[in-house]
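Below: one structure, written as structure tokens.
Chain A is the first sequence line, chain B the second, and so forth, proteins listed ahead of strands; every chain is numbered from 1.
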Amino acid sequence: MALEKKYDFRQTEAGKYEKWKAKGYFRAGDTSKQRFSMVIPPANVTGKLHIGHSIDNTIQDITCRYKKAKGFDVLYLPGVDHAGIATQAKVDAKLNSEGTNRFEIGREAFLKECYAWKDSYSHIIHEQWAKMGIMVDYSRERFTLDEGCIKAVNKVFVDLYNEGLIYRGERIVNYDPVMKTALSNIEIIYKEDEGEFFYFLYRFVDIDHEPLIIATTRPETMFGDVCVVVNPKDKRYKDVIGKKVINPANGEELPIIADDYVDISFGTGAMKCTPAHDPNDFIIGKKYGLEHPVIMNTDGTMTEKCGKYAGMDRMECRKLLVKQIEEDGNLEKIEHFKHQVGHSERSDAVVEPILSKQWFIKMKPLADRVLENQASAKDKVNFFPKRFEKVLKQWMSNCDDWCISRQLWWGHRIPVYYSKTTNDILVSAQKPTDMENWVQDEDVLDTWFSSALWPFETLGWPDETEDFKRYYPLDCMVTGYDIIFFWVARMVFQGLHFTDKAPFKDVIIHGIVRDSQGRKMSKSLGNGVDPIDVINEYGVDSLRYFLATTASPGQDMRFSEEKVKAANNYLNKIRNSARFILMNIPEDYKNLEAKDVDKKKLSLVDKYILTKLENVIKRITKAMDSYEYGIASNLLYNFVYDDYCSFYLEMSKVTLKDENSYKEGTYFTLLYTLKAVLMMIYPFSPFISEEIYLNLPVHKDSIMLESYPELDKSLVFKSSIKKVEALKAAIEAIRQYKVNNSLAPNEALDISLKANFDFKPLSKYLSRYSFAKSLTLVKEDKEGTSSIVLPELTLFIEDSVNKDELKAKLTKDLEKIESELKRSESMLSNERFLSKAPKQKVDLEKEKFEMYKAQFEEIKKKLENL
RNA sequence: GGAUGUUUAGCUCAGUUGGGAGAGCAUCGCCUUUACACGGCGGAGGUCAUAGGUUCAAGCCCUGUAACAUCCACCA
């Protein structure tokens, strides 16, 4: 299909993805090539993909397409995540809206609902991957709850248990009373909430003493208080240590003990201690062998220990309890203040620290291994940008044990069995054969437990499969900085522990996409940008280009419709350059390789653009190799606009129009340059690239089979640069002259030109682009004309410009040159510059100096002659 | 309290080994010249937050300061 005048991205995109997929171009497995492997961060089956996924997938796909074009056997493995708590929250909500809940329908029916949910959303996710154009190998797609992943998860659990790295313990954990499950520390989001600080009177037992005043933000936990703690150095309370006070909530007696944990300056300096509902209190409780009564249920209601408040919700209890204490005359005051309150990441409920029995991973030895590994040069994980390694290290050097059990149903069931008759525990990947005598642990594992194994479980581990042997460890991982400790850190320690290798060599970290005002996109603000809307409006090529090039690595970006539009215009520009070239090249011309062209047929401007091209290929390749897509795209953008379109394509019209011996060289140069540009824009915007590619006179079945351009030394002609730059400067100077003198751009002028090289081969270009009436090459200055002095040449324009104006213009030019000359001169007269700067720089400066000097003399002479 | 990032044109942002400041949008003037008006040509607009330091040379390296942002840890 020929290229139509109008760029219609819908038509451009249509059918291409399906073709690539059907022809197997996404498949890895060519073992004759060097491998490059990557896995997609498994998409949560909770809902549609948002723009955060788009940037993730775009960077991954650019990397993969680039590597494939560079000749690698690329594996880009897709998959989805069951996303335990997140999905369960959605399914719970769905059941609620239907007037039922999971407990009513039971575990089996609930899981069925979950699978149905997963199926429908993984379908949507597939559609979105296709829309984004990512080259994932569908033949290797995985799901965190598929058979292989279950096998891996069970093995890891059992092994860690046997090594003593997984244990079951009774500890304070953060409980989500809505989802009714324990959470790990990093699933808590601290938010500033309006809070109340209640000051209560604790009256003394037996002795006559002013009551103690103790403040709390959570009065309901007073039912679980076991003592009052003061600092032993606190003079105010020196005399009351060992005495007893009355708990105003329930009238129980509380001993006063001393521990230097208490901050003298905070509050009243006296603290109530609730070992079962506060992690710090728990530590104190343990230290002094105190009781730890649990006064709150996991659903946020009060236990029977709370007397008449039993069964009541914690917030309701708080309200009524405060009222009761006030009535008893034990309320001193209430202060309002802002404080940080932990919320559940998923349900947004205020989390409650509750003592309960959970499964944990002992982090210290695993984390130490990560730190050790990062310290060694050999197998360390390289972060791009580097600074993010610090986030990993920081987290690894002070992380608590990881609570991995969740009181949910959707997920990997913990492979632990309790005997019905004895106290035996069986930790095993396989169900016991006499299952009737056992009860399996009710809980499931934290979603991140399986995600942590993603780089190797997807390749067949724990089996020594061909894929595992060939593609592990991965070459690269792409993800956002917000997920480094949720995911990256855990993959690294599990990888090191179970495969003895870091799971990937490089990690590319990107920022998040914010809204146009710089705010984080969120459901509550309703400011999210749906990538599908953007694609429908501007096309996926433009969206990808925008996402990959707008911010520098690791930096957040603002979504900007103007920039997506600008990307669209850019792609249209490339497309039209192709249209122009294909229009002008004879149908039977098929030379696209450097070896195909007779170098003698290349004109100076052909040589110039080829030399520029080879230079830009070199620089872009270097940027691509270090995942610097912003820099790479910027280099290409400048080349496309300034060198390729604005200059070369315009110049080529001269040789294309007339019969001349350079015509063939121009055909070659046009096609060669176009193809190189295409290949360099292709990883960013594959659809439009494919469309243009398939219109080239010589092409393979798809651009996906084509190679990235390589630097071809036989097409580098350094001597062309200076001469053609002079031509360029001359054209620009004449254009400028016309604008400055209010002449129409196509005003025909008589121009003479004096150059210090043979300008003849270039004169036809200058004639055309200056709309010259005549262009005469001269050896001497032309008197009585306007003169423009440029490096390497001087222009004389016959025009009715008066002497005064010319004089003013030349004086201005002279001043400018003079200041440059001075700058250059001072540098060159600086001994230390001459002795310390690299020779290259010194030579360059000397050259500049000579050039300025020549120009200076030329202008000065002209002024004198006037 | 600890850590990181940002501060460059009116706005949003690039600027990688330190060697004459760039883009998009906006703005002003000119042009429908047969690739592109989703365009072309030309222009205006920046003591690169601030104070020092290193260097022949600093937007870039080092130190301090300020403002903003983010993450971690947080006192009942």
Contact class for [X] vs. all strands (heavy atom < 4.0 Å): base, sugar-phosphate, or nothing?
X: A/Lys738; answer: nothing
X: A/Tyr570; answer: nothing
X: A/Arg823; answer: base
X: A/Thr550; answer: sugar-phosphate
X: A/Leu649; answer: base
X: A/Ser516; answer: nothing
X: A/Ser560; answer: nothing
X: A/Tyr641; answer: sugar-phosphate

Residue matched to B/C38 through Watson-Crick or wobble contacts both under 3.5 angstrom: none

Nucleotide B/A35, atom C1' - distance to NZ of A/Lys657 in whole Å: 11 Å

First of A/Leu844 and A/Gly518 reached from the 5' end of RNA chain B, by closest nucleotide: A/Gly518

Whether [X] contacts [N] is assessed here as follows: a side-chain N or O lying under 4.0 Å from the phosphate OP1 or OP2. Is that the case?
X: A/Ser577; N: B/C36; answer: no
X: A/Ser552; N: B/G15; answer: yes
X: A/Asn634; N: B/G15; answer: no
X: A/Arg832; N: B/A57; answer: no
X: A/Tyr190; N: B/C72; answer: no

Side chain of A/Asn576 - closest among B/C38, B/A35, B/A76: B/A35

Selection from B/A35, B/C71, B/G42 that lies nearest to any side-chain heavy atom of A/Lys520: B/C71

side-chain contact (heavy atoms from CB on, under 4.5 Å) partners for A/Lys333, two or more places apart: A/Tyr199, A/Glu335

With sequence neighbours excluded, residues passing side-chain contact (heavy atoms from CB on, under 4.5 Å) with A/Glu562: A/Ser560

Centroid under 5.5 Å and tilt under 30°, A/Phe833 to B/C56: no

Base B/U12 to side chain A/Lys563, donor-acceptor N/O within 3.5 Å cut-off: yes

Close side-chain approach of A/Tyr545 and A/Val564, heavy atoms under 4.5 Å: no

Write out a two-atom table: protein N or O, nucleotide N or O from nucleotides 3-10 of chain B, distance below 3.5 Å.
residue: B/U4; atom: OP1; partner: A/Lys390; partner atom: NZ; Å: 2.7
residue: B/G5; atom: O2'; partner: A/Gln555; partner atom: NE2; Å: 2.9

